[in-house]
Amino acid sequence: MTSSSISLALPVARRRRHLAARWAPVFFLAPSVALLLLFLLYPLLESFHLSLLKWNGLGANGIFTGTDNWVQLLHDTVFWHALGNNLLLGLMSVLVQLPIAMALALMLDKASRGSRILKILYFLPLLFSSVAVGVVFKNILDPNFGPINAGLHALGLDALAQDWLGDKRYALGSVIAVICWQNVPFYMILFLAGLASFPPELHEAATLDRATPATIFWRIKMPHLQGTIRTAAMLSVIGSLRYFDLIYVMTGGGPDGSSEVMATYMYRTVFASFQLGYGSTIASAMFLVVTLIAGFGMRLTRRFETQV
Amino acid sequence: MQTVTTKPALAYPKVRAVGVRSLVQLLATVWLVVTLLPLLFVVFTSLKSQEETFDSPVWALPRQIDWSHYAAVLQGGILVYLRNSVFVVGLSIMLILAASAMAAYALARLEFRFNKPLFGLIVACMIVPIHITLVPIYLLTRSLGLYDTPFALIGPYVATSLPVSIFILTEFMRQIPRELEEAAKLDGCGPFAIFWKVFFPLSGPGLATVAIYNGIGLWNEFIFAYVLTSSKSNRTLPLALWDFQGEYASNIPAMLAVVTLTSLPLIVAYAFGQERIVKGMMAGSLKG
């Protein structure tokens with residue numbers, strides 16, 4: 001902006017400060033930007049590059065096959081089935097996890113001593129790693145030693161006892177139930193945060209107007225929480241599209257692909273079948289799906305916002 | 001809007017208040033049981049002898065407490081995993097805090113041309129599924145000679161944590177009063193001194209939030225650790241479970257002792273820092 005002749009005419013101290021101000025943003029942003037470029041942006045682009053190759057990862061380089069992998073993906077029933085499972089997982093997260101989380105948050109939204117202890121207990125599943133949760137529920141759902149089947153047998157409900165993770169019909173449902181178990185506390189906390197910002201005067205005013213708790217909830221609290229609910233729904237759908245850990249630990253996507261999601265399919269393709277090229281195609285497609293749905297969701301919620 | 005002025009209680013049909021409240025309480029009680037039973041199962045079973053797990057009902061209390069599985073697991077090398085976890089997560093958190101605080105200061109307070117688009121781009125990085133970075137990072141790690149070392153995890157851990165951390169800290173720093181900055185400027189402070197003497201110290205609670213939110217996530221991180229390391233001596237705690245799974249395939253109590261031991265550090269941390277952890281989780285999730 002200032003020409004060099006003027007800045008040269010400035011006293012040394014001021015010039016130094018001028019230079020500092022000019023280069024400060026570069027200095028402060030450099031570490032983060034460098035790390036994001038190296039470990040996020042470069043891998044993202046490299047993945048798209050790899051998706052155009054046929055490569056088992058052993059040779060020096062893969063063979064360039066153009067869009068072959070992408071054409072294969074379009075006809076790959078396993079991939080579409082996996083995507084369907086991801087979407088089902090997202091739908092169940094929104095329809096099951098969010099209502100349970102909301103009920104818990106409403107109940108805990110009073111600063112009594114009992115609710116503080118309950119908050120701690122409800123929170124616990126969030127502290128376990130997915131591997132730990134997976135290992136625990138593999139034992140719980142075990143057809144021979146697991147407490148679920150043992151309980152059903154003890155109650156004389158032998159017909160209801162199943163091979164929960166080993167049977168094609170039940171594997172996905174079982175895994176989704178465990179995912180709910182682990183993630184409900186997360187949304188409970190989110191809703192508690194939303195409820196905490198609820199102005200108490202509004203509650204008082206409504207009570208003076210002889211509004212019932214149900215009316216207060218549906219007519220006042222729900223509209224107030226709308227933003228939080230939208231955020232929660234977005235987070236759970238996006239999270240469901242890139243889900244990996246628990247499913248990999250519990251079923252590995254099986255039996256017979258019945259609980260396969262995009263991430264487990266991608267992992268198997270790369271690290272079990274050594275198809276780095278095609279695995280990268282699945283990963284890239286996953287990125288496109290997430291970006292598309294996230295972008296669509298954000299536009300949708302923005303439209304909602306302008307209406308309210 | 002109008003509903004508030006026209007008394008909502010009368011304008012809409014009443015649902016029985018008692019009905020709703022007891023329904024919520026019923027659900028909450030059921031969920032409490034659903035939450036706690038698996039955890040009790042883990043602790044009780046891990047204290048049973050192997051014979052007892054086969055010859056008594058699974059939900060029975062241990063006849064006598066048997067610590068032998070814990071002893072075996074502790075001697076079986078789990079402490080190496082613990083050491084690696086502490087090292088990798090500790091170093092990653094320090095780097096995350098330094099890099100994200102610097103970036104957040106620039107984005108919150110410095111004026112430069114690409115401030116807004118850069119902030120938008122960094123925030124957008126939050127939706128990138130880490131799985132797309134997995135194969136290239138695996139190849140990169142191998143060519144850098146870092147494969148199967150704890151250092152392999154630090155780059156990906158820091159980078160994938162940066163977007164949400166920068167987002168939280170930028171929002172936080174925007175709320176630090178401008179007057180403090182002006183006063184420091186009058187004292188002759190440049191942007192570096194202002195960052196170091198004003199913004200960094202005042203961001204304590206924001207930094208704690210970022211540390212806790214990422215700390216929980218990285219402590220339990222599985223896929224990078226699984227792909228980028230292979231030997232027992234270089235793996236982190238979530239992988240301890242994975243590795244022991246083969247070793248203790250038929251020894252259920254030992255396996256559940258590993259679950260208890262690997263989960264204990266976070267539960268103890270949670271018992272001490274409950275409020276902060278919940279606040280951290282909240283702030284981290286408010287990224288819509």
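Values below: all heavy atoms of this structure, side chains included; hydrogens, waters and symmetry mates excluded. Throughout, protein chains are lettered first and strands after them, A, B, ... in sequence-line order, and every chain is numbered starting at 1. These numbers come from a predicted model, not from an experiment.
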Q | Side-chain heavy-atom pair A:Phe271, B:Leu134 within 4.5 angstrom cut-off | A | yes
Q) Of all of A:Pro25, A:Pro223, A:Ala24, A:Pro125, which one pairs up most often with chain B through heavy atoms under 4.5 Å apart? A) A:Pro25
Q. Which bit of A:Ala232 is near chain B, if near means a heavy-atom gap under 4.5 Å: side chain, backbone, both or neither?
A. neither
Q: Heavy atoms only, distances under 4.5 angstrom: which of B:Leu36, B:Thr260, B:Asn115, B:Val227 has the most pairs with chain A? Name it, please.
A: B:Val227
Q. Is any side-chain heavy atom of B:Thr133 closer than 4.5 Å to a side-chain heavy atom of A:Phe39?
A. no
Q | Interface moiety of B:Leu239 toward chain A, non-hydrogen atoms closer than 4.5 Å | A | neither
Q.
Between B:Tyr270, B:Phe222, B:Tyr226, B:Tyr105, who has the most heavy-atom pairs with chain A when the cutoff is under 4.5 Å?
A. B:Tyr270
Q.
At a 4.5 Å cut-off on heavy atoms, which part of A:Phe27 comes close to chain B: side chain, backbone, both, or neither?
A. both
Q | Toward chain B, the part of A:Ala150 with a non-hydrogen atom under 4.5 Å | A | both
Q) Nearest heavy-atom pair of B:Tyr138 and B:Leu228: which atoms, and what distance? A) CA-CD2, 3.7 Å
(Q) Which heavy atom of A:Ser236 sits nearest to which heavy atom of A:Ala233, and what is that distance? (A) OG-O, 3.1 Å
Q) Which answer fits A:Val249, side chain, backbone, both or neither, if we ask what part of it has an atom under 4.5 Å from a heavy atom of chain B? A) both
Q | Greatest number of heavy atom pairs closer than 4.5 Å to chain B - which of A:Leu50, A:Asn139, A:Leu124 | A | A:Asn139
(Q) When you compare the side chain of B:Gln245 with that of B:Trp242, does any pair of heavy atoms fall below 4.5 Å? (A) yes
Q: Heavy atoms only: give me the nearest B:Ile223-B:Glu221 pair and the separation to one decimal.
A: N-OE2, 3.2 Å
Q) Do the non-hydrogen side-chain atoms of B:His131 and A:Arg242 ever get within less than 4.5 Å of each other? A) yes
Q. Between A:Val184, A:Val290, A:Ile282, A:Asn144, which has the largest tally of heavy atom pairs under 4.5 Å with chain B?
A. A:Val184
Q: Evaluate the side-chain proximity of B:Pro136 to B:Leu140: yes if any heavy-atom separation is below 4.5 Å, no if none is.
A: no
(Q) With heavy-atom distances below 4.5 Å as the criterion, would you say the side chains of B:Arg109 and B:Ile194 are in contact? (A) no
**Q.** Contact leader toward chain A among B:Val259, B:Thr160, B:Val158, where contacts are heavy-atom pairs under 4.5 Å
**A.** B:Val259
Q. Picking from A:Gly146, A:Pro147, A:Ser130, which has the most non-hydrogen pairs under 4.5 angstrom with chain B?
A. A:Pro147
Q | Gap separating the CH2 atom of B:Trp219 from the CG atom of B:Leu266, nearest 0.5 angstrom | A | 7.0 Å
Q: Name the option with the most non-hydrogen atom pairs under 4.5 Å to chain A; the candidates are B:Ala99, B:Ser100, B:Gly217, B:Ala104.
A: B:Ala99
Q. Quick one: what part of B:Leu256 sits under 4.5 Å from any heavy atom of chain A, side chain, backbone, both or neither?
A. side chain
(Q) If I measure from the heavy atoms of chain A, does B:Leu110 come under 4.5 Å with its side chain, its backbone, both, or neither? (A) side chain
Q. Of B:Phe195, B:Phe199, B:Phe112, which is the lone residue that meets ring pair (Phe, Tyr, Trp, His ring centres under 6.0 Å) with A:Phe28?
A. B:Phe195
Q: Give the minimum heavy-atom separation between B:Val33 and B:Pro38, together with the two atoms involved.
A: O-CD, 4.3 Å
Q | Max heavy-atom pair count under 4.5 Å with chain B, selected residue of A:Ile238, A:Thr291, A:Val136 | A | A:Val136
(Q) In the structure I gave you, are the side-chain heavy atoms of A:Leu195 and A:Lys221 within less than 4.5 Å of one another anywhere? (A) yes
Q) Measuring heavy-atom distances to chain A, does B:Leu139 have an atom under 4.5 Å in its side chain, in its backbone, in both, or in neither? A) side chain
Q | Region of B:Ser161 in contact with chain A, defined by heavy-atom distances below 4.5 Å | A | neither
Q: Examine whether an atom of B:Ile96 lies under 4.5 Å from a heavy atom of chain A, and if so say whether it belongs to the side chain, the backbone or both; otherwise answer neither.
A: neither
Q) B:Leu107 versus chain A, heavy atoms under 4.5 Å apart: side chain, backbone, both or neither? A) side chain
Q. Do you know which of B:Leu37, B:Thr262, B:Leu27, B:Val34 has the most heavy-atom pairs with chain A at a distance under 4.5 angstrom?
A. B:Val34
Q: Could you have a look at A:Ala132, A:Ala285, A:Ala103, A:Ser32 and say which one has the most heavy-atom pairs with chain B under 4.5 angstrom?
A: A:Ser32
Q) Any side-chain heavy atom of B:Phe114 within less than 4.5 Å of one from B:Leu121? A) no
Q.
Could you measure the distance from the CG atom of A:Leu104 to the NZ atom of A:Lys119? Nearest 0.5 Å is fine.
A. 12.0 Å
Q: Pick one of side chain, backbone, both or neither for B:Ile166, based on which atoms fall under 4.5 Å of a heavy atom in chain A.
A: side chain
Q: Against chain B, label A:Phe128 side chain, backbone, both or neither, depending on which of its atoms sit under 4.5 Å from a heavy atom there.
A: both
**Q.** Greatest number of heavy atom pairs closer than 4.5 Å to chain A - which of B:Ile122, B:Val42, B:Leu95, B:Val128
**A.** B:Val128
